[in-house]
Amino acid sequence: MSIQQNHTNITLTSLNKMRAQGEKIVCLTVYDACYAGIVSEAGVEVLLVGDSLGMVLQGHDSTLPVTMNDMVYHMRCVNRGNRGALLMADLPFMSYASESQTLENAASLMRAGAHIVKLEGGAWIANTTRLLSERGIPVCAHMGLTPQSVNRIGGFIVQGRDTSQAQSILKEARLLQDAGASILLLECVPRVLARQITDSLEIPVIGIGAGPYTSGQIMVLHDVLGISPITPKFVKNFLRDSEDSIPGAIKKYVQAVKNQTFPAPEHCFD
Ligand code: KIV
């Protein structure tokens, strides 16, 4: 499989085609125009303006302090630098707590350049997912470890290790697909569960710390470059073997996802 330079625009149709053909989808977070250019030129198909910016850019210990103003600002920056990738934006903590707030905030992200919005949760976001997708705003549902709920979960902990929790993640993933979700993102779940969910859905499933069997992978930019203060098990520093070239490191990440050498067994949870 060749690495694609994103000179033609990537759409949800492209991602569905890749999923159907078994080609892995490569996603990465970005927060500014400069990196948006580098990352999209390197062949990354989906750029996520993630609320992880609260941790990696702003220095908070969670994503909770991130505001809609922060998200819109960074979304606009990324949109200016993007060269044809699909742009996904996070709805931050408490920005989709009511219907009117959800519609207004999702519309602001779309006006700033997003092609799809991401929200965290299980069954409780089914109505929100339907509300948005029926109005033309595609939704990526983020399940498994949902960092906006870190206080309820009790830490950044692998989810779905016990059978009953695994079954409810699977059931709720199907529910969100039926409610109109266009993509599912799975964070920090055992690889076997991620495989089961990927096999039972008809939409692309993107994983982070979810093993090799999903339709694609996503990572936080600062983790790929090895400059995050903490290094979870699922992270790989691609800059180390790239002679200090940032575009080279991103291309190595793209290549490793495409040829399925990343994630390796040491990056996976059981
Ligand atoms: O905000 C973010 O960067 C994310 C990734 C961890 C997937 O949601």
Side-chain angles (χ1 to χ4, degrees), residues 15 24-32 35-36 39 44-68 70-75 77-78 85-96 105-106 109 114 116-122 125 138-150 153 155-159 169 173 176 181-189 194 197 204-211 214-225 227-236 250 253 257 262-263 267 269:
L15 302 186
K24 297 288 179 184
I25 300 164
V26 191
C27 319
L28 191 62
T29 68
V30 280
Y31 315 100
D32 67 30
Y35 275 104
V39 169
V44 172
E45 281 110 6
V46 181
L47 311 187
L48 168 66
V49 181
D51 59 0
S52 52
L53 69 87
M55 299 174 82
V56 295
L57 300 189
Q58 297 174 338
H60 297 295
D61 61 3
S62 80
T63 59
L64 273 60
V66 176
T67 65
M68 269 306 298
D70 294 333
M71 293 306 302
V72 168
Y73 170 80
H74 287 282
M75 186 65 247
C77 296
V78 166
L86 186 90
L87 300 181
M88 184 186 291
D90 266 329
L91 276 165
F93 179 64
M94 277 297 143
S95 68
Y96 45 103
N105 288 332
L109 291 172
I116 179 167
V117 298
K118 176 163 82 60
L119 40 155
E120 298 182 6
I125 59 162
V139 169
C140 171
H142 181 153
M143 296 188 73
L145 173 55
T146 47
Q148 292 172 15
S149 306
V150 63
I153 294 170
F156 294 98
I157 301 164
V158 179
Q159 300 295 296
I169 295 175
L176 293 176
S182 298
I183 299 178
L184 182 79
L185 190 147
L186 277 180
E187 178 166 353
C188 290
V189 297
I197 294 171
V205 177
I206 306 299
I208 176 167
T214 51
S215 328
Q217 299 290 329
I218 187 159
M219 278 187 81
V220 170
L221 175 65
H222 293 57
D223 290 342
V224 168
L225 300 180
I227 53 171
S228 295
I230 41 170
T231 311
K233 177 185 164 80
F234 57 82
V235 160
K236 178 170 175 181
I250 309 296
Y253 166 61
V257 174
F262 177 81
H267 305 118
F269 299 109

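Counting starts at 1 for both ligands and their atoms, following the listed order. Just so we're clear, the structure is a prediction, and the values are computed from it rather than from any experiment. Along the sequence shown, the residues carry numbers beginning at 1.
In terms of protein heavy atoms, atom 2 (C) of ligand 1 is closest to S52 OG, 3.3 Å.
Of all the heavy atoms of D51, the ones lying under 4.0 Å from any atom of ligand 1 are found in both the backbone and the side chain. At a heavy-atom distance under 4.0 Å, only side-chain atoms of L48, from C-beta outward, approach ligand 1. Proximity of D90 to ligand 1, defined as any heavy-atom pair under 4.0 Å, is confined to the side chain (atoms from C-beta onward).
The backbone N or O of T214 lies less than 3.5 Å from a partner atom in the side chain of K24, making a donor-acceptor pair. Between the side chain of S228 and the backbone N or O of I230, no donor-acceptor pair lies under 3.5 Å. A distance-only check finds a donor-acceptor pair linking the side chain of N105 to the backbone of S95 [under 3.5 Å].
The distance from ligand 1 to the heavy atoms of G50 drops below 4.0 Å at these ligand atoms: 1 (O), 2 (C), 3 (O). For ligand 1, the atoms lying closer than 4.0 Å to a non-hydrogen atom of K118 are 4 (C), 8 (O). Set against the non-hydrogen atoms of T29, the atoms of ligand 1 under 4.0 Å away are 3 (O). Close approach of ligand 1 to H142 is summarised as follows: ligand atoms under 4.0 Å from at least one heavy atom of the residue are 8 (O).
Considering V220, D223, V257, V224 as possible partners of L28, the one that fulfils the side chain to side chain contact (heavy atoms under 4.5 Å, CB included) test is V224. Exactly one residue among D51, V150, L53 makes a side chain to side chain contact (heavy atoms under 4.5 Å, CB included) with T63. That residue is D51.
Between the side chains of Q148 and Y96, at least one donor N or O sits under 3.5 Å from an acceptor N or O.
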